[in-house]
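Below you'll find the structure, written out as structure tokens, and then a few comments.
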Amino acid sequence: MKYVVIALLGSLLSIAVAAPAFSQEADAAPGQRLFQQRCGACHQIATPRNGVGPNLQGVVGRAAGTVEGFRYSAALRDSGITWTPEQLETFLSNPTAMVRGTRMTQRYNNVEERRTIIEFLGTQ
Ligand code: HEC
């Protein structure tokens, strides 16, 4: 048991050491970097996979709740929204206020960051 704990600690440590090296190497545009930091835990954009949240490739111009194979809340699926930059702005600033019952609940209050991320989404 003790050995398992030590082994676990060891691998956590190597992740912690590797992470800063990675972010220094990464030469991503600010929008991509912010996306990874704020959204990347739940959303994929470089690959068509779904995660905790649906894939966001081509989300600008897309009808809400329509990614194949992702189980949306009924609220988002039936929202009738088409994602424009303005709609995304409203959603990210307070998702549950725009779509009552959505399972995305995190608010993003930083206006600059929101704009940067939305601009990035428009390029994907
Ligand atoms: C903790 C996980 C999580 C994080 C972090 C998160 N989301 Fe989400 N997001 C979700 C989930 C879950 C859904 C689906 C909600 C539903 O079905 O009601 C969703 C849905 C969405 C949708 C609607 C997509 C569609 O196909 O209609 C957009 C747009 C979106 N998220 C953008 C973002 C952006 C941009 C960020 C970062 C600023 C972000 N999300 C951060 C979990 C997350």
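In each ligand, atom 1 is the first atom listed, and ligand 1 is the first ligand listed.
With a cut-off of 2.8 Å, atom 8 (Fe) of ligand 1 has an N, O or S atom of Met104 in range. Not a single N, O or S atom of Cys42, from either the backbone or the side chain, sits less than 2.8 Å from atom 8 (Fe) of ligand 1.
Between Trp83 and ligand 1, a contact under 3.5 Å exists for at least one N or O pair. For a threshold of 3.5 Å applied to N or O pairs, the pair formed by Thr102 and ligand 1 contains at least one separation below that value.
Using 4.0 Å as the threshold, Gly65 has a heavy atom nearer than that to some atom of ligand 1.
Contacts between Leu76 and ligand 1 below 4.0 angstrom, taking non-hydrogen atoms only, involve the side chain exclusively. Here Gln106 has no heavy atoms under 4.0 Å from ligand 1, in either its backbone or its side chain.
Distances from atom 13 (C) of ligand 1 to the heavy atoms of Gly40, Ala64, Pro54, Ala63 put Pro54 nearest. Across Tyr72, Phe70, Phe120, Phe35, heavy-atom proximity to atom 26 (O) of ligand 1 is greatest for Tyr72. Around atom 40 (N) of ligand 1, the closest heavy atom drawn from His43, Gln37, Arg62, Arg38 belongs to His43. Of all the listed residues (Thr96, Thr116, Leu88), Leu88 holds the heavy atom that lies closest to atom 29 (C) of ligand 1.
Checked against Met104 for a side-chain contact (heavy atoms from CB on, under 4.5 Å), the options Leu92, Leu76, Val52 give a single hit: Leu92.
Counting only N and O atoms by type, the side chains of Gln44 and Thr47 include a donor and acceptor under 3.5 Å apart.
Nearest to atom 36 (C) of ligand 1 among the protein's heavy atoms is Cys39 SG, 2.8 Å.
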